[in-house]
Amino acid sequence: MPSDMPADVPARALTGVLTTVRRTHPVPPYPYPLAAVSSRPTVTCLVVRTGEATTTRRPPWTWLLALLLVAVAVAPLVLQWLGNVDDQRLVDLDVYRTGGRELLEGRSVYGFVTPAPQLLPFTYPPVAAMLATPLAMMPWPVAQWVWTAGIFAALAVTVGYGFRAVLDRVAAPYRGDDAPGSGGILGRAAPSGLVGGLGLPMAFAFLTVACTYLMPIRDQVRFGQVDILLVALCLADCVVRRPVWPRGMLIGLATAVKLTPGVFLVYLLMTGFGPGAREEQRRTFFMAAFTAALLTLLPFLVIPSDAADFWFRALFDPERLGANAATTNQSMRGMLIRLYLPDSLTSLLWLALVAVVAWYGFRHARRALLDGHAVTAVALVGLMAVLLSPVAWIHHLAWVVVVLGALVGDGRDPVRIRVAAGVWLYYVLPIPWWGVAIKAAEVPVLSPVLGKIVQNGFGLGALALVWLLGVWLPRRREAFRALV
C-alpha cells in the first residue's frame, strides 16, 4: 500500500480504486524473478478478486524447499564427477588453478601443462590467470566444491533472466479470467496461494534442474568449466532492467577472460550505431570496450612477460586448445576440418561461412532487440560465439539455456513450448557420440555419410537454432498474436 494512503480506507473503496487502475494502467510483471530470493522474509502483493482486498504472502520456506529439490535432483551428477578418479576430475578447473599457482610462484603461465594423462596448457588471456589466484590458494578439494557451487549459481542467474518472461507470469499473484492470454500453459485463474506462493519457486527449480541435464551444462560440472559464468555475465549485462553496475562492464570482463564473448561488442556496435540505433546500446558498447581494454592492458603492467607470451605467441597456436578435428569441436571450422579437405580449401570455406553466418545472425539479433526481444537477441549472439569461433567445444554451447528461454517466452504459446521441449531433448542426448558409433560400425555409405552428419549434430543444430530464433520465432509470435 502506498505510504500516503490513510490506514482506515475501507477495503471496498480501495478495491474500486485498484480495479480502475488495473483497467487503465496494467500493472507490469514482477520485475525480477530472482528478487524473490532476498533478505526480506516475505513478498507481499495486493490482490483484487471479488471486491475484497487481500494479501498473499510467499513464506521464506518456499525458496528453501526449491533449493532442496534442486540439490537432490542434481546430486547424482555432482557426486559422479566430483567422485571421479583424480586425473579425470574437473580437469579444466585444474588448469585455471594451476595457472594461478604458476603466477603466484613466479613461473611462466604459458609454459606448463597439467600432469598426465591430460597434459593441458593454460589457454586463456593473462588476466584470467590473475583472477584464478584465489583458487590456487584454496586446497584442491575445497576449490572443487566452491567452483561447482559457482557453476550452479551462474546457472541460476542464467535461468532467472533467460526465462524471466514465464517466471514473471508464474509469479503474478492473480490473473483473472478476463486477462489476456489467461488460457495459456498456466491455465485459467490459477489459485493465488499456489501461483503467488509456491508456484514461482517450484517453476524456477524445475527449469534449473531441466537445464542442468543439458549436455553442455553437464560438461560444465564434469570439467569444471567457466562457460556458464560467462553466459550469466553477458545475459545479465544485456537484459537486467536497473543494473547496479555500469552496463557493459560485465561483457567487458567476460571478453577479457575468454575472448569469444567479444561477439557482444559487435552486437553492441550494430545496435548502438546506424539506423534505429539506441543511445543506451552505444553507451554500453563504450563501457564494454573500455573494460575489456583495461583488463587486457593491466597484465602488461603486472606480469608483462606472460602478457607478451600470450598475445604474441600462444594465441596463434590453435593446437594448444586441443585436437581441432575432435568430435567435441562443434564450431563450423571443426565440422569442416572433419571433412579432411585440403587445408587451404578448408580455410577458404570457413571464412566464407563465417561471413555469411555472422551477417545473418547479427542482423536478426539486431532486429530482435529493436522489436523488444532482448533475450532472443542475446541467444542469437551467443550462438555466434560458438559458430564463428575456430574452436568451440560442446560445453561452449551453454548458450542453449538462453535459447530455451527465448523459445518458451511467457509460456502462453503451446507450440513454442513443444519446440523448446524438442530442443531441450536434442541437447540432452549425446548425439555427436552417436555419430562416432555409426562411423565405427563401418557400414558402407551409411557410416561415412550419416555418421559424419550425426557427429556434427550439435554444430548443425546450432545453425538450425539461428534460423529458428531469427526467422521462425518472429513469425510464430505474429501467428499467436493473431489467434489471441
Side-chain angles (χ1 to χ4, degrees), residues 28-29 31-34 154 157-158 160-165 168 227 229-296 354-389 398-399 401-403 405-407 409-410 465-466 468-471 473-474 477:
Y32 296 105
L34 292 179
V157 171
T158 305
Y161 285 121
F163 291 87
R164 180 165 60 185
D168 283 349
D227 298 283
L229 173 59
L230 303 179
V231 172
L233 290 174
C234 294
L235 177 63
D237 218 359
C238 288
V239 306
V240 68
R241 290 173 180 142
R242 291 180 295 273
V244 297
W245 62 88
R247 195 185 295 274
M249 186 180 73
L250 301 186
I251 290 175
L253 171 60
T255 301
V257 167
K258 201 176 177 178
L259 299 185
T260 51
V263 293
F264 279 88
L265 295 178
V266 179
Y267 163 68
L268 293 172
L269 192 64
M270 292 183 63
T271 54
F273 298 87
R278 295 187 174 185
E279 175 65 27
E280 183 182 23
Q281 294 294 98
R282 192 177 306 126
R283 292 195 302 268
T284 303
F285 168 77
F286 287 128
M287 176 53 66
F290 170 76
T291 304
L294 179 66
L295 294 177
T296 298
V354 164
V356 172
V357 173
W359 171 81
Y360 189 85
F362 285 118
R363 183 170 66 93
H364 283 294
R366 182 178 185 276
R367 180 177 300 172
L369 179 70
L370 296 179
D371 289 343
H373 304 292
V375 172
T376 302
V378 172
L380 281 164
V381 178
L383 291 173
M384 294 299 100
V386 174
L387 292 168
L388 306 183
S389 175
W399 293 101
V401 176
V402 188
V403 171
L407 289 173
D410 63 6
L465 289 178
V466 173
L468 197 69
L469 295 175
V471 177
L473 187 55
R477 288 191 188 104

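Computed over heavy atoms, backbone and side chain alike; hydrogens, waters and symmetry mates excluded.
- Taking 4.5 Å as the limit, every side-chain heavy atom of Thr376 sits out of range of all side-chain heavy atoms of His364.
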Exercise. Do Leu468 and Leu465 pass the side chain to side chain contact (heavy atoms under 4.5 Å, CB included) test, and can you show the C-alpha distance, the side-chain angles, and the key distance before you say yes or no?
Worked result: CA-CA 5 Å; Leu468 197 69; Leu465 289 178; 4.0 Å; yes
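- Remark: Arg282 engages Glu279 in a salt bridge, criterion side-chain N to carboxylate O under 4.0 Å.
- A 4.5 Å side-chain heavy-atom check between Arg278 and Leu369 finds at least one atom pair inside the cut-off.
- Using a 4.5 Å cut-off on side-chain heavy atoms (C-beta onward), Leu383 and Leu469 make contact.
- Interatomic distance, Thr284 OG1 to Ile251 CD1, rounded to the nearest 0.5 Å: 7.0 Å.
- For the atom pair CG (Asp237) and CH2 (Trp245), the distance works out to 6.5 Å, reported to the nearest 0.5 Å.
- Expressed to the nearest 0.5 Å, how far CG of Leu370 lies from CD of Gln281 amounts to 8.5 Å.
- Closest heavy-atom contact between Leu295 and Ala256: CB-CB, 3.6 Å.
- Residues Thr255 and Gly262 come closest through the heavy atom pair OG1-N, 3.5 Å.
- Annotation: the span from Leu229 atom CG to Lys258 atom NZ amounts to 10.5 Å, rounded to 0.5 Å.
- Using a distance-only test at 3.5 Å, with no hydrogens or angles considered, a donor-acceptor pair links the side chain of Arg247 to the main chain of Val240.
- The side chain to side chain contact (heavy atoms under 4.5 Å, CB included) test applied to Val266 returns Met270, Phe362, not counting sequence neighbours.
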For this session: Just do the side chain to side chain contact (heavy atoms under 4.5 Å, CB included) check on Val231 and Val401 with the steps written out, would you?
Result: CA-CA 9 Å; Val231 172; Val401 176; 5.8 Å; no
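- Val378 has its side chain out of reach of Tyr161: every pair of non-hydrogen atoms, C-beta onward, lies at least 4.5 Å apart.
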Exercise. Should Val402 and Thr158 be marked as a side chain to side chain contact (heavy atoms under 4.5 Å, CB included) after you check the CA-CA gap, both sets of side-chain angles, and the distance that decides it?
Worked result: CA-CA 7 Å; Val402 188; Thr158 305; 4.0 Å; yes
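- A 6.0 Å sphere centred on CZ of Phe290 holds no more than 12 heavy atoms belonging to other residues, nucleotides or ligands.
- Side-chain polar atoms of Trp399 and Asp227 form no donor-acceptor pair below 3.5 angstrom.
- When every heavy atom of Ala232 is checked against every heavy atom of Ala154, the shortest pair comes out as CB-O, 3.6 Å.
- Expressed to the nearest 0.5 Å, how far CZ of Arg283 lies from CG of Leu268 amounts to 12.0 Å.
- In this structure, Ala289 and Leu265 approach most closely via the heavy-atom pair N-CD2, 3.9 Å.
- Taking CG of Leu473 as the start and NE2 of His373 as the end, the distance is 7.5 Å to the nearest 0.5 Å.
- The minimum heavy-atom distance between Ala377 and Ala365, with the atom names listed, is CB-O, 3.4 Å.
- The two residues Val239 and Ala374 make their nearest non-hydrogen contact at CG1-CB, 4.0 Å.
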